[in-house]
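Below is one structure; the comments refer to it alone.
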2 protein chains.
Amino acid sequence: MQHPPKDKPSSPTADRRREIAAAARSLIAERGFEGLRTRDIAARVGINVATLHYHVPTKETLIGLVAQSLRDDFIAQHESRPRDTLSPRERLISEFDDFRENLTDNAELFKVMAELQERARRDPVVSDVIRPMQAFWFAQVAEVLARGRDDGSFRHDLDPEAGALLVLGAMIASQRHPNASMALFDGVCAELLRSLENPSPPDAGRGPAARQAPAPKPSFGKSPLKNSTKVP
Amino acid sequence: MQHPPKDKPSSPTADRRREIAAAARSLIAERGFEGLRTRDIAARVGINVATLHYHVPTKETLIGLVAQSLRDDFIAQHESRPRDTLSPRERLISEFDDFRENLTDNAELFKVMAELQERARRDPVVSDVIRPMQAFWFAQVAEVLARGRDDGSFRHDLDPEAGALLVLGAMIASQRHPNASMALFDGVCAELLRSLENPSPPDAGRGPAARQAPAPKPSFGKSPLKNSTKVP
DNA sequence: CACGCTCAATCAAGTGATTGATGGAGGGCG
DNA sequence: CGCCCTCCATCAATCACTTGATTGAGCGTG
């Protein structure tokens with residue numbers, strides 16, 4: 001987006017802006033935009049309100065800054081994943097694992113994301129930052145589904161875009177559920193796999209008997225994937 | 001919930017409160033809670049701010065009132081549907097149609113619902129009203145899926161609760177999508193049906209040939225259902 | 001009917017508190 | 001000195017909510 005040799009500006013001002021964005025993020029996660037006050041952000045950073053306004057001229061730009069920091073985190077995380085070496089099914093499971101990982105040690109991210117999602121309805125600054133991120137995520141899943149359909153591991157009549165909405169919608173819904181838990185999320189992932197997989201795979205010899213047992217629970221931890229197919 | 005002979009209290013005060021709740025709802029849909037001002041609500045009703053505070057003592061109770069009015073609408077609508085005469089598959093499609101119907105001529109409802117969903121995180125007053133409503137919806141879908149699994153129309157290994165999260169999550173996600181449209185929603189519904197239906201039904205003679213065509217588009221308008229099974 | 005009283009409903013005009021934002025005066029450091 | 005950076009003090013605007021007064025409909029009593 002900016003100058004290429006600017007991987008980490010690390011100037012003191014840029015650091016302050018990152019601190020401010022981080023403080024704003026945690027406060028948004030706690031109280032939402034409705035209760036977001038510049039004074040509170042400044043207090044959490046440990047600076048004066050005027051100092052905050054020196055670094056970030058207005059509240060609106062501050063919110064834009066939060067949206068950008070969230071997008072940067074999201075994209076950096078998704079680009080650091082191994083992609084081309086995995087089969088479609090493995091990549092889908094990897095998507096589940098990514099989500100689960102964020103769910104545990106990055107819970108704040110989802111709350112802020114939900115809050116930004118609502119705000120994107122009215123704020124074009126937020127919308128311009130958030131929407132491409134969602135579109136990127138959506139397209140990535142849709143592409144995985146399309147490849148899996150074409151190679152026979154997913155259903156032949158699978159609509160990749162609709163399927164991507166199933167996957168993302170179900171993952172997010174499992175987290176918004178009142179009784180949200182990791183077991184619920186795992187159950188949803190297993191159900192997604194059963195819903196998308198080809199019931200009669202052309203090459204694999206799993207046979208139709210596997211579809212009789214209710215909820216087989218494939219137990220896809222990250223471990224059984226990391227060393228299954230490394231590189232040809 | 002209240003006295004049985006109180007279907008429509010229709011006292012002038014209760015009417016005013018309903019007017020206020022309606023105005024607040026539309027304003028929340030437009031600007032969210034962040035931009036909700038008691039002055040604006042009063043102006044939309046056509047009364048003074050003091051008069052509004054005469055009817056609704058505080059802003060918090062006003063928001064609770066909005067939540068209640070939303071829940072009442074939701075439950076009234078869901079209880080007015082024919083339930084016991086339909087097969088599980090028909091009831092699922094009826095759920096799609098309900099959602100689609102609200103999507104077109106009740107769009108405000110979903111915006112307010114999303115807004116309340118976020119607020120329920122921190123406001124116990126809203127939470128106590130919204131959560132049971134969602135639980136009711138969720139349980140209703142899960143029960144339909146369980147019945148459909150048991151009678152063979154849905155997959156044998158279908159997990160009803162996880163499946164309900166698939167259905168609700170996908171429907172909601174299709175509406176939050178940046179390029180949301182009715183065609184997208186219909187595609188998601190079709191994909192949900194393909195995902196949940198039994199690929200080898202025991203009694204029906206549809207045959208496996210129907211599963212080869214990509215995206216068959218069953219075209220489930222409301223019309224083919226409304227007069228198929230009326231009442232014995 | 002007429003008079004006096006009550007009370008729900010409404011309003012104009014505030015009240016104090018809070019908010020985002022500013023201006024100018026320092027402070028530390030090269 | 002000059003340049004970032006920080007803070008104190010303050011502003012104008014806005015907020016939810018209150019105050020005190022007015023209206024008019026109902027209602028009993030003589």
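Throughout, protein chains are lettered first and strands after them, A, B, ... in sequence-line order, and every chain is numbered starting at 1.
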field: Residue-phosphate contact under 4.0 Å: B:R16 side-chain N/O, C:dT10 OP1/OP2
entry: yes

- prompt: Which distance, rounded to the nearest 0.5 Å, do you find between the CZ of B:F185 and the CD of B:Q175?
  reply: 9.5 Å

- line: Sorted by chain and number, sequence neighbours left out, side-chain hydrogen bond (donor to acceptor under 3.5 Å, both in side chains) with B:R37 holds for none

- prompt: Mind checking what makes side-chain hydrogen bond (donor to acceptor under 3.5 Å, both in side chains) contact with A:S195, not counting sequence neighbours?
  reply: B:R155

field: For B:R39, all residues meeting side-chain hydrogen bond (donor to acceptor under 3.5 Å, both in side chains), sequence neighbours excluded
entry: none

Polar atom pairs between nucleotides 22-28 of chain C and protein, under 3.5 Å, N or O only, would you list them?
none

- request: Examine D:dC4: is either OP1 or OP2 under 4.0 Å from a nitrogen or oxygen in the side chain of A:H55? Give yes or no.
  value: no

task: Please list all pairs passing the side chain to side chain donor-acceptor pair (under 3.5 Å) test where one or both residues lie in residues 102-115 of chain A, with sequence neighbours left out.
output: A:Q77-A:N102, A:E115-B:R122

task: Would you jot down, in residue-number order, the residues of residues 119-128 of chain A having a non-hydrogen atom under 4.0 Å from DNA chain D?
output: none

Flag, side chain of A:E191 to backbone of B:G163, donor-acceptor distance under 3.5 Å: no

message: Of the listed nucleotides (D:dC4, C:dG20, D:dC17), which one gets closest to any side-chain atom of B:K59?
response: D:dC17

message: Output the rounded distance in Å from CD1 (A:I47) to P (D:dC4).
response: 18 Å

task: Tell me which residues in residues 36-44 of chain A put a heavy atom below 4.0 Å from DNA chain C, sorted by number, or none.
output: A:L36, A:R37, A:T38, A:R39

Extract all donor-acceptor atom pairs below 3.5 Å that involve side chains of residues 61-69 of chain A and protein atoms in other chains or at least two apart in sequence.
residue: A:T61; atom: OG1; partner: A:T58; partner atom: N; Å: 3.4
residue: A:T61; atom: OG1; partner: A:T58; partner atom: O; Å: 2.7
residue: A:S69; atom: OG; partner: A:R25; partner atom: NH1; Å: 3.1
residue: A:S69; atom: OG; partner: A:V66; partner atom: O; Å: 3.1

Show me the donor-acceptor pairs, under 3.5 Å and distance only, between side chains in residues 131-139 of chain A and residues at least two apart or in other chains.
residue: A:Q134; atom: NE2; partner: A:Q117; partner atom: OE1; Å: 2.3
residue: A:W137; atom: NE1; partner: A:E95; partner atom: OE2; Å: 2.9

query: By salt bridge (charged side-chain N to carboxylate O under 4.0 Å, His left out), which residues pair with B:E19, not counting sequence neighbours?
result: B:R16

task: Kindly say if A:T51 contacts the phosphate of D:dC7, meaning a side-chain N or O under 4.0 Å from OP1 or OP2.
output: yes

statement: By salt bridge (charged side-chain N to carboxylate O under 4.0 Å, His left out), A:E30 pairs with (sequence neighbours left out) A:R44

message: If the cut-off is 4.0 Å, is A:Y54 near the phosphate of D:dC5, judged by side-chain N/O to OP1 or OP2?
response: yes

field: Nearest-angstrom distance from the residue atom CG of A:D15 to P of D:dC4
entry: 17 Å

- prompt: Looking at residues at least two apart in the chain, or sitting in another chain, which of them share a side-chain hydrogen bond (donor to acceptor under 3.5 Å, both in side chains) with B:R119?
  reply: A:E34, B:D123

- request: Would you kindly give the CD1-to-P distance between B:I20 and D:dA16, to the nearest whole Å?
  value: 14 Å

message: How many whole angstroms separate atom CD of B:E34 from atom P of C:dT18?
response: 19 Å

